[in-house]
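Everything below concerns the one structure shown next.
When a residue number appears, it is its place in the shown sequence, counting from 1. Both backbone and side-chain heavy atoms feed into the values below; hydrogens, waters and symmetry mates do not.
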Amino acid sequence: MQKILDLISEEMKKAFEAAGYSADLGKVTLSNRPDLCEYQCNGAMAGAKQYHKAPIMIANEVAEKLQNSEVFAEVSAVAPGFLNLKVKEQFVREYLQAMREDAKFGLQMPEKAKKIMVDYGGPNVAKPLHVGHLRSAIIGESIKRICRYAGHEVIGDIHLGDWGLQMGLIITELQKRQPDLVYFDENFAGEYPEEAPFTISELEEIYPTASAKSKEDAQYKAEAMEATFKLQSGVRGYRALWDHIMSVSVADLKKNYANLNVDFDLWKGESDVQDIIPGMVEDMKKGGYAHESDGALVVDVKEETDTKEVPPCMILKSDGASLYNTTDLATIMDRMESYNPDKLIYLTDKRQELYFVQVFRCARKTGLVKPETELVHIGFGTMNGKDGKPFKTREGGVMRLEMLLKEINEEMYRKIIENKSMSEEEAKETSKIVALSAVKYGDLSNQASKDYIFDIDRFTSFEGDTGPYILYTIVRIKSILNKYKEQGGNLEQSALKDAVNASEKSLMLEISKFNAMMEAAYEEIAPHRICAYIYDLANAFNRFYHETKILTEEDKEKQAGWIALLALTRDILETCIDLLGFSAPERM
Ligand code: ARG
């Protein structure tokens, strides 16, 4: 479906033409004086120079041509030459009617779907998830859903950090604690046990202990590096331990991400591309792209137009070891070969911005991607505490994701049980759903690149620009619709009516912006656009609700029209929150 602003502009363009002016002047925008009009056109101002005529004269002539317009109810030419516009109730109603009948509420599908891969989450196996990983998961999940809704084929990949020194550290610590484990017996040739020699909670304790030790004890660190090397060169017992670490951690990660309503199509990791690194490096050398520099192998990626220094992309360290870069490049190669995507989107902390500039340039230069392949890095800001510093626990440690969610769940539970006569069980379930909206909306309503303050009090409030406020609005609508049904009303048979009052028309106009907003959210890869839209929509709905006695309305046809409008509002709000990655409860 065409966007409503385009339809309105078309009508205006015809009028400009009919009055003898260039159609280009007829561009209509939203009004910046909502107290005076709904839309405006400043074309007469722009045309004044071109036609050597006073703008108000042009405006008057154009307004004249719109006397019997099907679109405009009111066209007023005001000094010095603006056109203030109000649209017809019927025009808006018909537009909403068409939206209601369209599976995507009027969002135009692309002629050719793109294949898009989203690399997000990026947790490091065996290290606990912390709040830094929260943003990647929340924003990435929403972006994945937005691209999919916009009609593209989207693959989400978690890109596990599963191949680093952390694995060697864990193995080393394990060996210290249980030297007799069969995995460390070089002469063992049998089958290794199926059961891991540790639980997830032990694993979560082992890594920080080992990491702390390695920082104080050089010998310990050397052992861990040796263990990492042995693992990477395929020593059987070490590989078997790695498999255990992976299965125990991944099961735990799956549980954590499920709690966040985040789900990945691929659970690939850094380890998956290690075998293709030597071939890739060889090609980079043969192609003349990689050269030696201080013993290391690098690819130059600086460009003449750079205003800041972009250092070479390091492919191999002087000891021949590969790096984070190397793995990312090999992953790009693997993704191109296995999936051939048109676009790759990466979500990480914005401190990795320069890093991705290097990697992307290197991938292009060495021909790992096609010239037309889009490579996009979305760098997000830091989630800060109320003191403006990165979010910490009360004790000042790094806040673990689970703890953070627990805290917000408890706060939500307190609020919900306080003002409702709900069973404890329902209140617990409901708090989880609402708490997730608080966390996600609190994050996504900001432009991703900005830092923001994680403020539990504000995020969990039922008022203001918050997730719970949006859910509260949806629940309110659902409750009216349910009561309507209980009174014998039929939702399916209700048809939209022309608006009868100002707040109803405002609500309808808010709804009509959906496809334009979605198009922008997709093109700008910007979930915050959806938040801004549903906040305005929820406000418009609540104003309408407070002014209108829906359930006691005597005129049944009028009532049915409102009910249809409510159902459409609910459907759109629920679609939008699904794109943000949360849902609404039945009551709250
Ligand atoms: N594991 C990394 C970290 O914790 C994030 C990975 C991001 N994705 C990527 N392809 N580099 O910082």
Side-chain angles (χ1 to χ4, degrees), residues 118-137 140-141 156-175 177 181 183 192 194-214 221 224-225 227-235 237-260 262-275 277 321-328 330-331 334 346-349 352 398-403:
V118 187
D119 177 313
Y120 69 110
N124 300 314
V125 168
K127 296 191 198 174
L129 283 178
H130 60 75
V131 293
H133 294 112
L134 182 66
R135 294 211 71 191
S136 179
E141 180 69 21
D157 185 4
I158 188 166
H159 198 70
L160 293 168
D162 59 357
W163 201 240
L165 179 63
Q166 88 254 36
M167 296 299 193
L169 283 165
I170 293 167
I171 294 174
T172 302
E173 183 59 22
L174 214 54
Q175 187 165 21
R177 295 184 187 188
L181 281 179
Y183 306 93
Y192 290 111
E194 261 179 42
E195 183 119 359
F198 41 73
T199 62
I200 183 67
S201 12
E202 282 163 340
L203 205 53
E204 284 182 353
E205 178 271 318
I206 292 175
Y207 171 73
T209 308
S211 166
K213 281 191 189 174
S214 77
K221 175 145 193 211
M225 283 167 77
T228 311
F229 180 76
K230 276 188 170 171
L231 165 67
Q232 298 188 345
S233 37
V235 171
Y238 286 57
R239 282 305 289 233
L241 277 176
W242 182 85
D243 287 338
H244 285 315
I245 300 173
M246 286 300 284
S247 57
V248 169
S249 309
V250 167
D252 184 59
L253 282 171
K254 288 201 165 153
K255 199 184 73 203
N256 271 301
Y257 283 115
N259 280 335
L260 285 173
V262 167
D263 119 275
F264 301 94
D265 304 296
L266 299 178
W267 280 77
K268 290 201 166 197
E270 298 180 344
S271 65
D272 286 296
V273 295
Q274 297 306 315
D275 293 348
I277 286 179
S322 56
L323 306 100
Y324 185 48
N325 306 351
T326 330
T327 303
D328 258 323
T331 304
D334 179 47
Y346 292 79
L347 275 295
T348 76
D349 188 301
Q352 294 192 32
V398 175
M399 180 60 126
R400 295 202 13 206
L401 189 55
E402 273 173 279
M403 293 313 294

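Taking both residues in full, the closest heavy atoms of L203 and V248 are given as CD2-CG1, 4.1 Å, listed atom of the first, atom of the second, then distance. Smallest separation of non-hydrogen atoms from I245 and A126: CG2-CB, 4.0 Å. Scanning all heavy atoms of the two residues, the minimum distance from S249 to V125 falls at OG-CG1, 3.4 Å. Across all their heavy atoms, L169 and A210 have their closest contact at O-CB, 3.6 Å. The two residues A240 and Y192 make their nearest non-hydrogen contact at CB-CD1, 3.5 Å. Here the closest non-hydrogen pair linking A227 and Y238 is O-CD2, 3.6 Å.
For the atom pair OG1 (T209) and OH (Y207), the distance works out to 11.0 Å, reported to the nearest 0.5 Å. For the atom pair CG of L174 and CG of L181, the computed distance is 5.5 Å after rounding to the nearest 0.5 Å. Separating the CG atom in L165 from the CD1 atom in I170 is a distance of 10.0 Å, to the nearest 0.5 Å. In this structure, CG in L253 is found 7.5 Å from CD1 in I200, a value given to the nearest 0.5 Å. Atom CG of D119 and atom OG of S136 lie 7.5 Å apart (nearest 0.5 Å). In this structure, H159 NE2 and E270 CD are separated by 4.5 Å, a value rounded to the nearest 0.5 Å.
With contacts defined as side-chain heavy-atom distances shorter than 4.5 Å, the pair D334/K268 qualifies. Between R239 and L231, the closest side-chain pair of non-hydrogen atoms falls below 4.5 Å. No side-chain heavy atom of S214 sits less than 4.5 Å from a side-chain heavy atom of M225. Between L160 and M246, some side-chain heavy-atom pair lies under the 4.5 Å cut-off.
Under the rule for a side chain to side chain donor-acceptor pair (under 3.5 Å), the partners of Y183 that lie at least two apart in sequence or sit in another chain are H244. Residues forming a salt bridge (Lys or Arg N to Asp or Glu O under 4.0 Å) with D162 (at least two apart in sequence, or on another chain): none. The salt bridge (Lys or Arg N to Asp or Glu O under 4.0 Å) check on D328 picks up nothing, with sequence neighbours excluded. K255 is linked by a side chain to side chain contact (heavy atoms under 4.5 Å, CB included) to D252, counting only residues two or more places apart in sequence or in another chain. In this structure, H133 has no side chain to side chain donor-acceptor pair (under 3.5 Å) partners at least two apart in sequence or on a different chain. Evaluation of the ring-ring contact (aromatic ring centres under 6.0 Å, His included) rule for F229 yields no partner, not counting sequence neighbours. With sequence neighbours excluded, the residues that form a side chain to side chain donor-acceptor pair (under 3.5 Å) with D349 are R351. Residues meeting the side chain to side chain donor-acceptor pair (under 3.5 Å) test with T228, sequence neighbours left out: none. By the salt bridge (Lys or Arg N to Asp or Glu O under 4.0 Å) test, E204 is found to be paired with R400, residues two or more places apart in sequence or in another chain being considered. Residues meeting the salt bridge (Lys or Arg N to Asp or Glu O under 4.0 Å) test with E202, sequence neighbours left out: none. Taking Y120 as the reference, F264 meet the ring-ring contact (aromatic ring centres under 6.0 Å, His included) condition, with sequence neighbours excluded.
Judged as a side chain to side chain donor-acceptor pair (under 3.5 Å), the pairs with a partner in residues 164-174 (not counting sequence neighbours) are, in order, E173-R177, E173-K213, E173-Y220.
With N259 contributing its side chain and N256 its backbone, the two residues share no donor-acceptor pair below 3.5 Å.
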(message) Would K254 and W267 count as a side-chain contact (heavy atoms from CB on, under 4.5 Å) here? Give the steps.
(response) CA-CA 10 Å; K254 288 201 165 153; W267 280 77; 3.4 Å; yes
